[in-house]
Amino acid sequence: MLNTALLTATALLMRTVGLSFSVYLSAKIGTAGMGLYQLILSVYTLCVTISTSGINLASTRMVAEALGGRRADQSHAIMRRCLSYSIFFGGCTATALFLGADYVGNVWLADNRTILSLRLLSLSMPFLSMSSAMAGYFTAVRRVFKNACVQVAEQVIRIVLTVLGLTLTLRIGIDYACAAIIGGGTAAELCSFLMTYVLYRIDARRYRTGGKQRDNRGLTKKMLGISIPVAFSAYARSGLVTIEHLLIPRGLKKSGISSDTALSAYGIIQGMALPVILFPSALLTSFAGLIVPELAERKEQGKTVQIERIVGRVFQLTLMFAICVSGIFFFFAEDFGLLLYDNADTVQFIQILAPLVPVMYLDTAVDGMLKGLGEQVSSMRYNIIDASVSVLLVWFLLPRYAIAGYLVTIYVTEMLNAFLSANRLIKVTKVPIKPCSCILGPVLAIFGGCMASRLISSALPLSAFSLTLEIVLTVLFYLAFLLLSRSLTKEDVHWIFSAFRG
């Protein structure tokens, strides 16, 4: 819980900076420029998946299991294998992307303005992959504060270099502006790797022993047994997601929208509305990563009762948190959209996507728990199903229904993925779910909290202060209504505080 609090604070800080930076970018390069940037990022996501190839999960689980089995000195041999694996996959991805940038830009993205950015992007792949392996190590040994420090430094470097690059290139064209953004990110990744490697070398000294060396045969096989299934599943899913994102602007054009309008609509949803919706998920993203070694250790030790207790609590509290966030975005969408972007379309999309927040957030938490229990193959199988359905819906719905078809696609696929993952988790752990305390009570509580908050603050003019006040009041009313309805009990509150004290 303490590591979660630290990592969450860091993630929230970085997301705050990142969201502010997104607002800055949208003002500098416009919605069409944001659309072009999102197209480049769709290729970036695929390349990151191939570069890392499941190594973060492999390093986390193997080091955590070594610690749980009192074999901490084995972590050196594990990390040597993980870093070699990262160099191989990261180097191959970088080479392929650099040499194939012309083809990807002209054929896949159908826009030659992306070629320079893709070449710059390729340079970061080996460093990003090795950083991912070492990040898994720090998660496993529960010293995530080192990751947190590196992430903050990386974000600062990225922003400074990007702002300088945009200052020099913005007048030339949005292709060079996008290249400046990507170039700043590549340089930041290199710096991040160097800092992470130094911290890893210092930290790893505590596990050196002068005794007899262990028999490390089988470690490579075990690493490949964890990473390769995840990698191939991730390849399939990421490839499908990339195809989906490439089809979206084309599908919008087929519906009768012009090229710039299609890029603008795509940029508003992917680059402006969704970052706002996903901003509070920093808490769950941090927790989903940290829950992996916790559950992996308990599974190694056969502590079934503790696993059931952890899963039940996480499931309940995730839904309570997500329903609160969903209600705030739904009721105060206009405030968020106008204050951040001064864009009416963004307001509309935030409100439309807000009811989907509980589904998206729950899926994040469930995915982490499944990976901790060794069910990563099931998790990735559901992700592949989700991505396949998404590609089909985009192909058929967007040419006919334009943006409405894309929104339907997001709803259908997110709900399908969450249902399949949650159903698998419940089957594996046999944890009973209580709909009244997990769903109905929080829904009624957030409705009452938002209405009460709106009544109190309705006389205030729109400003950052009034929005902050509304959020704080809503959360306080929400917690009060949860306690009154016994959806949140004293035992739940005691468990949270005892976890921090422990």
Side-chain angles (χ1 to χ4, degrees), residues 38-62 81-101 103-105 107-109 114 118 121-133 135-136 189 220-248 270 285 288-289 292 363-364 367-368 370-371 374-395 409 413-414 416-417 420-421 424:
Q38 291 300 319
L39 273 181
I40 298 166
L41 288 187
S42 66
V43 176
Y44 172 78
T45 303
L46 176 61
C47 290
V48 168
T49 301
I50 299 173
S51 294
T52 55
S53 290
I55 196 59
N56 181 271
L57 178 62
S59 62
T60 299
R61 280 193 57 191
M62 289 180 70
R81 287 159 174 79
C82 289
L83 288 171
S84 299
Y85 180 99
S86 296
I87 291 170
F88 175 77
F89 280 95
C92 289
T93 307
T95 303
L97 181 59
F98 188 87
L99 297 177
Y103 177 81
V104 173
V107 178
W108 285 17
L109 303 182
T114 62
L118 293 174
L121 199 62
S122 69
L123 304 178
S124 67
M125 293 298 121
F127 307 110
L128 186 149
S129 183
M130 288 186 283
S131 295
S132 179
E189 290 287 357
T220 301
K221 183 179 179 180
K222 185 174 183 180
M223 177 190 72
L224 296 175
I226 296 172
S227 59
I228 293 299
V230 172
F232 278 104
S233 301
Y235 296 162
R237 198 235 175 187
S238 187
L240 289 167
V241 169
T242 301
I243 292 171
E244 174 199 347
H245 285 284
L246 298 181
L247 288 175
I248 290 168
Q270 288 291 329
T285 303
V292 172
D363 187 48
T364 299
D367 188 63
L370 285 174
K371 288 177 180 176
E375 292 287 330
Q376 63 270 10
V377 176
S378 296
S379 178
M380 292 308 302
R381 182 168 63 247
Y382 302 145
N383 286 335
I384 292 171
I385 294 172
D386 159 22
S388 302
V389 172
S390 185
V391 169
L392 290 174
L393 291 177
V394 165
W395 178 268
T409 299
T413 54
E414 290 289 347
L416 175 64
N417 196 335
L420 292 173
S421 299
R424 180 64 182 172

Next item on the list: Mind checking the OH-CG spacing from Tyr103 to Leu97? Nearest 0.5 Å is all I need.
Entry: 13.5 Å

Item checked: Within residues 220-235 or reaching into it, pairs that qualify as salt bridge (charged side-chain N to carboxylate O under 4.0 Å, His left out) - sequence neighbours excluded -> Glu65-Lys222

Note to self: Using side-chain contact (heavy atoms from CB on, under 4.5 Å), reason through Ile50 and Tyr235 one step at a time and then give a plain yes or no.
What the structure shows: CA-CA 6 Å; Ile50 299 173; Tyr235 296 162; 3.9 Å; yes

Notebook entry, point to check: Cut-off 3.5 Å, side chains only: do Tyr85 and Thr220 have a donor facing an acceptor?
Noted result: no

Checklist line | Arg424: salt bridge (charged side-chain N to carboxylate O under 4.0 Å, His left out) partners, not counting sequence neighbours | finding: Glu375

Note to self: So which atom in Leu39 and which in Leu109 form the shortest heavy-atom distance, rounded to 0.1 Å?
What the structure shows: O-CD2, 3.9 Å

Notebook entry, point to check: Say you draw a straight line from CD1 of Ile55 to CG of Leu83; how long is it, rounded to the nearest 0.5 Å?
Noted result: 8.0 Å

Checklist line | Considering all heavy atoms, the nearest Ala58-Ser227 contact | finding: CB-CB, 4.0 Å

Margin query: Please check this pair: side chain of Ser421 against backbone of Asp367, looking for a donor-acceptor N/O pair closer than 3.5 Å.
Written below: no

Next item on the list: Drop me the distance from Ile228's CD1 to Ser53's OG, to the nearest 0.5 angstrom.
Entry: 6.5 Å

Note to self: So does Thr45 get a backbone contact from the side chain of Thr49, meaning a donor-acceptor N/O pair under 3.5 Å?
What the structure shows: yes

Checklist line | Distance-minimising heavy-atom pair for Ala133 and Ser86 | finding: CB-OG, 3.6 Å

Check: Do Trp395 and Leu392 touch side chain to side chain, with heavy atoms closer than 4.5 Å?
Finding: no

Note to self: Test your reading of the model: is there a side-chain donor-acceptor pair from Ser132 to the backbone of Leu128, 3.5 Å cut-off?
What the structure shows: no

Next item on the list: Rounded to the nearest 0.5 Å, what's the gap from CD1 on Ile226 to NZ on Lys371? Could you check?
Entry: 12.5 Å

Item checked: Which atom of Asn56 lies closest to which atom of Gly136, heavy atoms considered -> ND2-N, 3.4 Å

Note to self: I need the Cys82 SG to Ile87 CD1 distance, nearest 0.5 Å.
What the structure shows: 11.5 Å

Item checked: Considering all heavy atoms, the nearest Gly105-Leu118 contact -> N-CD1, 3.8 Å

Margin query: So which atom in Gly239 and which in Leu46 form the shortest heavy-atom distance, rounded to 0.1 Å?
Written below: N-CD1, 3.7 Å

Notebook entry, point to check: What do you reckon, is CZ of Phe232 surrounded by more than 12 foreign heavy atoms closer than 6.0 Å?
Noted result: no

Margin query: Any non-hydrogen side-chain atom of Tyr44 less than 4.5 Å from a side-chain atom of Met125?
Written below: yes

Item checked: Gap separating the CG atom of Asp363 from the CG atom of Leu420, nearest 0.5 angstrom -> 9.5 Å

